[in-house]
Amino acid sequence: MDMGNQHASVTALQEIQKKVKEIEQQVVTFSGLKSDPTYKKLEKDLTKQLFEIESIETEGKGNILQAQKKATEETERVLKELEQNATHPCRLEIEKIFSETQSLVALHTTQFSGEGQRTDEFEEGIQNILKRLTQVKTEGKIPLRKARYRTLTKVLAIQEILESSSKQQVLSLPLSAEAHPTVSKINSIMCDVNKARCSLIALLAGVNDNETYRHLSCTLTGLIANLDALDVSGHTDIREYRKEVVKEINSLLKYLDLEDEAELGSAYDLGQNQSIVKIEEIRKEAAKIKNSLLEVQQHMSDIYMGTKSELQGLIASLDEVSVGRNPCIREARRRAVVEVQTVITYIDLKEALEKRQSLPEHTVSEPPCYIAVWTVFGHLSELQKEVLFFDGKRADKNYMRLEEFITKQLLALDAIDSQDGRTKAARKQAVKLANNILGYLDMKTDEWEY
């Protein structure tokens, strides 16, 4: 149909579809819950478009009815996506974990004013929360990644503020008010800073409805202005004390932009993080070395030194990767180290087994129980190789077979009488190896993501 002669109803439907597309751009990145004002606004805007689509006069014409149906389906799809983002099980899990953070902060609020010290219970609680957040699966979805990143950022900020507060109390005690008239004023401002710290922690945890980021920013900025107005000329110690208080205020101010940065920035996409990029590069190098072991025709001892040296170099490179305070990056590095170390362990064991085979006369005098342990080592070596190259899921039959066979080796070790010292030590190493292989198999298939 000529666009100049297009029916007005079709044109109106096309305009509505353009508006829906614009709204969709916000929906695909929405990381909140159904209770959020943004959710309600997006839902209202989409529902409005549905009403407008229904109000279009079709005159019973097939092409208009078709366009109306298409516009309705498209709008309903976006509405459904909005609801799915807000009610996704992983999104609800993130919110549940954050609710536990709120309860933890509320329970220990009296400690944050500077009057008390953090308890082991609180620190353990925060560490547990951070660990669980890193284990939440995001399935690569932007809303889930943003929600997890924003929550991690807030919890880490609370942890940092408290650590900084603890150091400040130890390293910088207030001066005596008798030293100079301005000291009492600085001490008074320091009390206000402690109160602001308490408010900031409660604000980050979402348990302070009487404070806002903007108001707290104005309060802290005002405290700096009051400090700048003090005349401390000629008093180096007082000037240093004021400098420390200003530094403390600035350290709190940097946390006030976290909400906007987490929502508007792209830091949630750790695939672009330079540390993650470096870790992935190292993993690729380790994978090349691992795959080359399949092509080895000669004895492991012939390639042992060079290959192990390369792998140890990769571990050294991983140690140099900066993880900051992000537990996801720290976990990604830990897993990479485990991957590389598992290959090194495989090479070590393979070489030890080949050495025993090349010197059969040395094994003649060995007790049967000791030989039995080394028989298990041989089985574990073959199983470890299979695990190294396993690329399936936990539901796969091969996964269950490997898990069963490794468990059988553990049972075989339990049945070995290890009364002499050498057998006992070898058996202990074999048990540790079997458990490490099981752990590595579990790690490879837990579908963890950064």
Side-chain angles (χ1 to χ4, degrees), residues 101-102 104-119 122-123 126 150 152-265 267 324-326:
T101 305
Q102 293 177 315
L104 192 66
V105 169
L107 185 64
H108 295 80
T109 296
T110 55
Q111 300 174 47
F112 306 149
S113 62
E115 299 172 359
Q117 296 294 317
R118 295 170 295 158
T119 64
F122 180 82
E123 292 195 30
I126 287 291
R150 185 171 63 246
L152 272 172
T153 301
K154 287 182 177 180
V155 178
L156 281 170
I158 292 171
Q159 188 183 48
E160 284 182 8
I161 292 168
L162 292 174
E163 286 181 359
S164 174
S165 169
S166 179
K167 291 176 183 176
Q168 191 273 336
Q169 288 177 11
V170 172
L171 299 176
S172 180
L173 295 174
L175 296 175
S176 170
E178 299 176 359
H180 192 273
T182 58
V183 171
S184 61
K185 295 180 181 179
I186 298 175
N187 288 344
S188 176
I189 291 174
M190 192 61 201
C191 289
D192 291 335
V193 172
N194 287 333
K195 293 176 183 177
R197 183 188 300 110
C198 179
S199 296
L200 177 56
I201 291 171
L203 193 59
L204 287 167
V207 294
N208 188 348
D209 296 329
N210 300 319
E211 185 62 274
T212 64
Y213 286 98
R214 178 173 293 184
H215 177 262
L216 189 56
S217 177
C218 291
T219 300
L220 290 170
T221 303
L223 293 178
I224 290 180
N226 292 340
L227 286 167
D228 288 342
L230 296 176
D231 181 12
V232 294
S233 56
H235 298 274
T236 305
D237 54 343
I238 300 175
R239 188 162 57 247
E240 283 301 312
Y241 177 38
R242 182 179 69 174
K243 183 179 177 182
E244 284 296 313
V245 178
V246 170
K247 183 179 177 181
E248 178 68 13
I249 295 173
N250 283 327
S251 73
L252 297 179
L253 279 169
K254 73 178 183 180
Y255 296 108
L256 296 176
D257 295 326
L258 286 179
E259 187 71 15
D260 289 338
E261 288 176 6
E263 186 62 33
L264 302 176
R325 296 183 64 89
N326 191 312

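Index from 1, following the sequence.
Considering all non-hydrogen atoms of both residues, E248 and V193 come closest at CG-CG1, 3.8 Å. When all heavy atoms are compared, the tightest approach of A205 to Q102 is O-CG, 2.7 Å. The shortest non-hydrogen separation linking L252 to L200 is O-CD2, 3.6 Å. When every heavy atom of I186 is checked against every heavy atom of V245, the shortest pair comes out as CG2-CG2, 3.8 Å. L104 approaches I126 most closely through the heavy-atom pair CD2-N, 3.7 Å. In terms of heavy-atom proximity, Y213 sits nearest to Y255 at CE2-O, 4.5 Å.
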Dump the intermediate steps for side chain to side chain contact (heavy atoms under 4.5 Å, CB included) on L227 and I249, then the final yes or no. CA-CA 11 Å; L227 286 167; I249 295 173; 3.8 Å; yes
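Side-chain contact between N226 and D192: absent, with no pair of heavy atoms (C-beta onward) separated by less than 4.5 Å. Two residues are said to be in side-chain contact when any heavy atoms from C-beta on lie closer than 4.5 Å; L253 and L256 meet this criterion. At a threshold of 4.5 Å between non-hydrogen side-chain atoms, the residues L204 and I161 count as touching.
Residues passing the side chain to side chain donor-acceptor pair (under 3.5 Å) test with D231, sequence neighbours excluded: S233.
Not one N or O on the side chain of R242 forms a donor-acceptor pair closer than 3.5 Å with the backbone of T182. S188 places no side-chain N or O within donor-acceptor distance of the main-chain N or O of S184, the cut-off being under 3.5 Å.
Put simply, CG on L216 and CZ on R197 are 11.5 Å apart, with the number rounded to the nearest 0.5 Å. Here the straight-line distance linking atom NZ of K154 with atom CG of L203 works out to 8.0 Å at 0.5 Å rounding. The line from CD of E211 to OG1 of T219 is 6.0 Å long, rounded to the nearest 0.5 Å. Atom CD1 of I189 sits about 11.5 Å away from atom CG of L220, to the nearest 0.5 Å. Here OG of S251 is found 8.5 Å from NZ of K247. Values are rounded to the nearest 0.5 Å.
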